[in-house]
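What follows is a single structure, written as structure tokens, with notes after it.
Throughout, protein chains are lettered first and strands after them, A, B, ... in sequence-line order, and every chain is numbered starting at 1. Since we're looking at a predicted model, the values are computed, not measured.
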Amino acid sequence: GENVEQHPSTLSVQEGDSAVIKCTYSDSASNYFPWYKQELGKRPQLIIDIRSNVGEKKDQRIAVTLNKTAKHFSLHITETQPEDSAVYFCAARMAGTALIFGKGTTLSVSS
Amino acid sequence: DVKVTQSSRYLVKRTGEKVFLECVQDMDHENMFWYRQDPGLGLRLIYFSYDVKMKEKGDIPEGYSVSREKKERFSLILESASTNQTSMYLCASSRPGSNYGYTFGSGTRLTVV
């Protein structure tokens with residue numbers, strides 16, 4: 001089955017810096033790659049996703065890139081703010097199956 | 001506002017008890033999922049369902065079963081609760097097909113003593 005590795009497990013940045021979280025997946029048949037943000041005590045919320053026919057997608061300060069050949073995808077957050085502090089999860093999914101999640105990255109943005 | 005509702009936010013049960021965790025969604029989603037979330041382990045898939053009365057095992061189904069008698073409701077059952085099932089349980093739903101994200105419930109924090 002699918003396996004998703006996520007790095008780093010913790011990330012500390014200064015406000016205004018950029019943050020990058022990377023994930024690799026094992027099954028080349030995976031075709032959907034979402035990212036979720038989970039604030040303390042809250043449910044995970046979808047923040048951006050990318051499909052296998054697209055190489056990059058942006059939404060304001062957030063972008064995701066996908067390299068299908070290398071089987072990895074990354075989340076980029078620019079101009080980080082304290083409210084970006086949360087746990088971020090990547091996930092991958094093949095057709096007909098459920099999402100498989102990475103173990104999460106705890107992002108801390110200090111002002 | 002669309003919702004996935006989990007019946008209990010916190011639950012404390014004794015070892016050996018049969019435990020029911022309920023999840024209801026109001027989005028008419030075909031797909032529903034149960035995950036458990038543990039520190040350092042991320043979200044691990046227990047069971048999922050793509051239609052009423054159907055179910056598929058996830059990565060860690062041992063000690064669990066599920067029931068989906070109606071489209072909007074997906075129940076997770078711990079047949080005989082054990083202390084290693086102490087965890088946060090998250091229910092989610094999504095539209096059919098593989099290219100849609102999930103809407104999660106708020107989670108049930110289960111403690112087995």
What's the shortest heavy-atom distance between B:Ser106 and A:Arg43, and which atoms?
-> OG-NH2, 2.5 Å
Side-chain heavy-atom pair A:Arg93, B:Ser94 within 4.5 angstrom cut-off = yes
Answer whether the closest heavy-atom distance between the side chains of A:Ile100 and B:Asp59 falls below 4.5 Å.
-> yes
Contact part of B:Phe48 toward chain A, heavy-atom cut-off under 4.5 Å: side chain, backbone, both or neither?
-> side chain
A:Lys57 atom NZ, neighbour heavy-atom count above 12 within 6.0 Å | yes
Heavy-atom neighbours of A:Glu79 CD exceed 12 at 6.0 Å = no
Do B:Leu45 and A:Phe101 come within less than 4.5 Å of each other through their side chains, counting heavy atoms only?
-> no
Parallel, tilted or perpendicular: rings of B:Tyr102 and A:Tyr36 (30°, 60°) = tilted
Shortest non-hydrogen contact between A:Tyr32 and B:Gly101, atoms and distance = OH-N, 2.9 Å
B:Arg14, CZ: over 12 other non-hydrogen atoms inside 6.0 angstrom | no
Proximity of residues 44-54 of chain A to chain B, residues having a non-hydrogen atom under 4.5 angstrom = A:Pro44, A:Leu46, A:Arg51
Taking B:Asn31, B:Leu43, B:Asp38, B:Leu41 one by one, which has the highest count of heavy-atom pairs under 4.5 Å against chain A?
-> B:Leu43
Inspect the surroundings of NZ in A:Lys103 and state if more than 12 heavy atoms from other residues, nucleotides or ligands are less than 6.0 Å away.
-> no
Between B:Val24 and B:Phe104, is there a shared hydrophobic cluster once you connect ILVMFWY residues whose side-chain heavy atoms come closer than 4.5 Å?
-> no
Where B:Gln37 and A:Phe89 come nearest, the two heavy atoms and their spacing | NE2-CZ, 3.4 Å
Does atom CD of A:Glu83 have more than 12 heavy-atom neighbours from other groups under 6.0 Å away?
-> yes
Go through the atoms of B:Glu56 and report whether side chain, backbone, both or neither lie under 4.5 Å from a heavy atom of chain A.
-> neither
Does B:Leu78 share a hydrophobic cluster with B:Tyr47, counting links as ILVMFWY side-chain heavy atoms below 4.5 Å and allowing steps through other members?
-> yes
